[in-house]
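What follows is a single structure, written as structure tokens, with notes after it.
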Amino acid sequence: MIIVMKTGAPESQIREVIQRVEALGYQAHVIQGTQRTVIGAIGDERSKDRLQSLELMAGVETVLPILQPFKLASREVKGGKSVVKVGDLEIGGQAVVVMAGPCSVESEAQMLQTAQAVKAAGAKVLRGGAFKPRTSPYAFQGMAEEGLKLLDVARSATGLKIVTEVVNPADAELVAEYADILQIGARNVQNFALLKRVGEVGKPVLLKRGIATTIKEYLMAAEYILAEGNYNVILCERGIRTFETSTRFTLDLNAIPVLSKLTHLPVFVDPSHGTGHWEYVSPMAKAAIACGADGLIIEVHPNPEEAQSDGLQSLKLEKFQQLMDELRPVAEAVGRRL
Ligand code: PEP
Ligand code: MN
């Protein structure tokens with residue numbers, strides 16, 4: 001249920017409602033809208049009728065059911081879009097935000113060269129995996145904490161924010177010491193222990209869609225993080241598995257308008273994993289911005305042929321610069337900027 005407060009309801013009335021919600025055995029989530037405050041009462045649906053009586057409390061406008069199974073992620077709870085703040089960087093606002101960097105962190109020289117180039121091209125966040133979820137146990141698994149330290153070096157040198165993946169709940173705290181945004185990969189979209197853990201840690205989370213996850217299941221995964229009180233979740237469509245084999249995955253751009261209708265959370269697109277081939281990255285990146293994505297995450301490598309992972313889908317530095325130049329007019333055409 002949601003308890004909609006009257007416009008201008010004072011803090012004291014909001015506090016009393018929260019206390020009552022908690023006394024009835026529900027979690028209270030306060031969602032600040034532009035006009036008014038809404039309190040989400042999340043818990044056992046069977047006794048929700050008892051919440052209806054909150055309509056009698058001072059400052060309460062109305063009490064409404066949330067019809068979608070994903071409660072805190074839904075537009076029912078928050079009509080306007082959420083902006084996730086990463087320090088001074090706003091994600092989900094008018095500006096389209098681009099995250100770029102290699103699939104895996106490999107060396108200091110690789111990270112510094114990439115960070116400087118993507119920053120010069122206009123990226124705001126540096127990506128790079130230190131813990132890699134690989135299909136084969138014999139493939140490169142990432143540099144672990146050593147890799148996190150190299151991300152930190154690149155951040156100090158450029159001022160870029162850092163996004164990097166956490167694959168194991170036990171490492172969430174360690175990764176959060178270094179990362180500005182924690183990435184949850186496609187393979188872990190329904191790793192509920194990991195979702196709860198990053199919810200508790202509280203840093204912004206980039207949650208990738210799974211390769212066989214419906215949009216409803218995906219939003220329920222986001223709900224796990226929100227339910228822990230971490231509202232800084234960025235969604236990311238990265239391709240789903242279909243019968244098609246010409247591309248690594250099928251980038252489901254339908255998901256962008258669908259998600260934008262169902263949720264207030266920012267929505268990103270990853271055209272690198274979504275296609276699996278560098279030549280297709282640029283056209284699909286433009287298409288993503290044209291259909292309303294709030295940003296992109298793109299794999300970039302100084303020498304893709306020598307990459308430890310995902311070289312085939314990585315853009316060279318100059319190709320990334322060219323893409324950024326070509327994206328600007330696309331963003332402007334849809335009322336955004338880069
Ligand atoms: C990655 O970003 O390198 C990655 C492994 O992504 P995904 O989880 O989408 O496959
Ligand atoms: Mn990758």
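Counting from 1, the numbers follow the sequence of the chain as shown. Indexing begins at 1, ligand by ligand and atom by atom, following the structure's order.
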Item to check | Sub-4.0 Å heavy-atom approach of R209 to ligand 1 | outcome: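 No, that is not the case, since the closest heavy atom of the residue is not under 4.0 Å from the ligand.
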Item to check | G129 heavy atom under 4.0 Å from ligand 1 | outcome: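 Outside the 4.0 Å threshold, so no.
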Next on the checklist: Under a 3.5 Å threshold, yes or no: a donor from one side chain and an acceptor from the other, between D310 and H273?
Outcome noted: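 Yes - a donor-acceptor pair under 3.5 Å links their side chains.
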With a cut-off of 4.0 Å, which atoms of ligand 1 are near a heavy atom of [X]?
{"X": "E299", "answer": "1 (C), 3 (O)"}
{"X": "R238", "answer": "7 (P), 9 (O), 10 (O)"}
{"X": "R187", "answer": "7 (P), 8 (O), 10 (O)"}
{"X": "K132", "answer": "1 (C), 3 (O)"}
{"X": "C103", "answer": "3 (O)"}
{"X": "G185", "answer": "8 (O)"}

Checklist entry - In terms of heavy-atom contacts, does CD of Q35 have more than 12 from other residues, nucleotides or ligands at under 6.0 Å? => result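 Open.
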Next on the checklist: Please check if the number of heavy atoms outside K316 that lie under 6.0 Å from its NZ is greater than 12.
Outcome noted: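 No, because the 6.0 Å sphere around NZ of K316 holds 12 heavy atoms or fewer from other groups.
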Item to check | Residue pair L174 / F131, side-chain heavy-atom distance below 4.5 Å | outcome: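 L174 reaches F131 side chain to side chain.
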Checklist entry - Looking at the Mn ion (ligand 2), which N/O/S atom of D310 is the nearest one? => result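 Among the N, O or S atoms of D310, the one closest to the Mn ion (ligand 2) is OD2.
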Next on the checklist: Using a plain distance cutoff, I'd like to know if Q183 has any nitrogen or oxygen under 3.5 Å from a nitrogen or oxygen of ligand 1.
Outcome noted: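 Right, the criterion is met.
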Next on the checklist: Pairs of nitrogen or oxygen atoms closer than 3.5 Å, one from D270 and one from ligand 1: do any exist?
Outcome noted: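 D270 vs ligand 1: no N/O contact under 3.5 Å.
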Next on the checklist: Within rounding of 10°, what is the angle whose vertex is the Mn ion (ligand 2) and whose arms end at OE2 of E299 and NE2 of H273?
Outcome noted: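 Centred on the Mn ion (ligand 2), the OE2/NE2 angle is 90° (to 10°).
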Which residue and non-hydrogen atom of the protein lie closest to [atom], and at what distance in Å?
{"atom": "atom 2 (O) of ligand 1", "result": "R127 NH1, 2.8 Å"}
{"atom": "atom 6 (O) of ligand 1", "result": "K208 NZ, 2.9 Å"}
{"atom": "atom 4 (C) of ligand 1", "result": "H273 NE2, 3.4 Å"}

Heavy-atom donor-acceptor pair, [X] side chain to [Y] backbone, under 3.5 Å:
{"X": "D294", "Y": "V267", "result": "yes"}
{"X": "E76", "Y": "Q68", "result": "yes"}
{"X": "R75", "Y": "S260", "result": "yes"}
{"X": "E237", "Y": "L253", "result": "no"}
{"X": "K119", "Y": "L160", "result": "no"}

Checklist entry - Of S309, A186, C236, which has the heavy atom at the shortest distance from atom 8 (O) of ligand 1? => result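 Among S309, A186, C236, the closest heavy atom to atom 8 (O) of ligand 1 comes from A186.
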Item to check | Criterion salt bridge (charged side-chain N to carboxylate O under 4.0 Å, His left out) on K196 and E228, from CA distance to verdict | outcome: CA-CA 7 Å; K196 285 186 196 170; E228 296 298 330; 5.7 Å; no
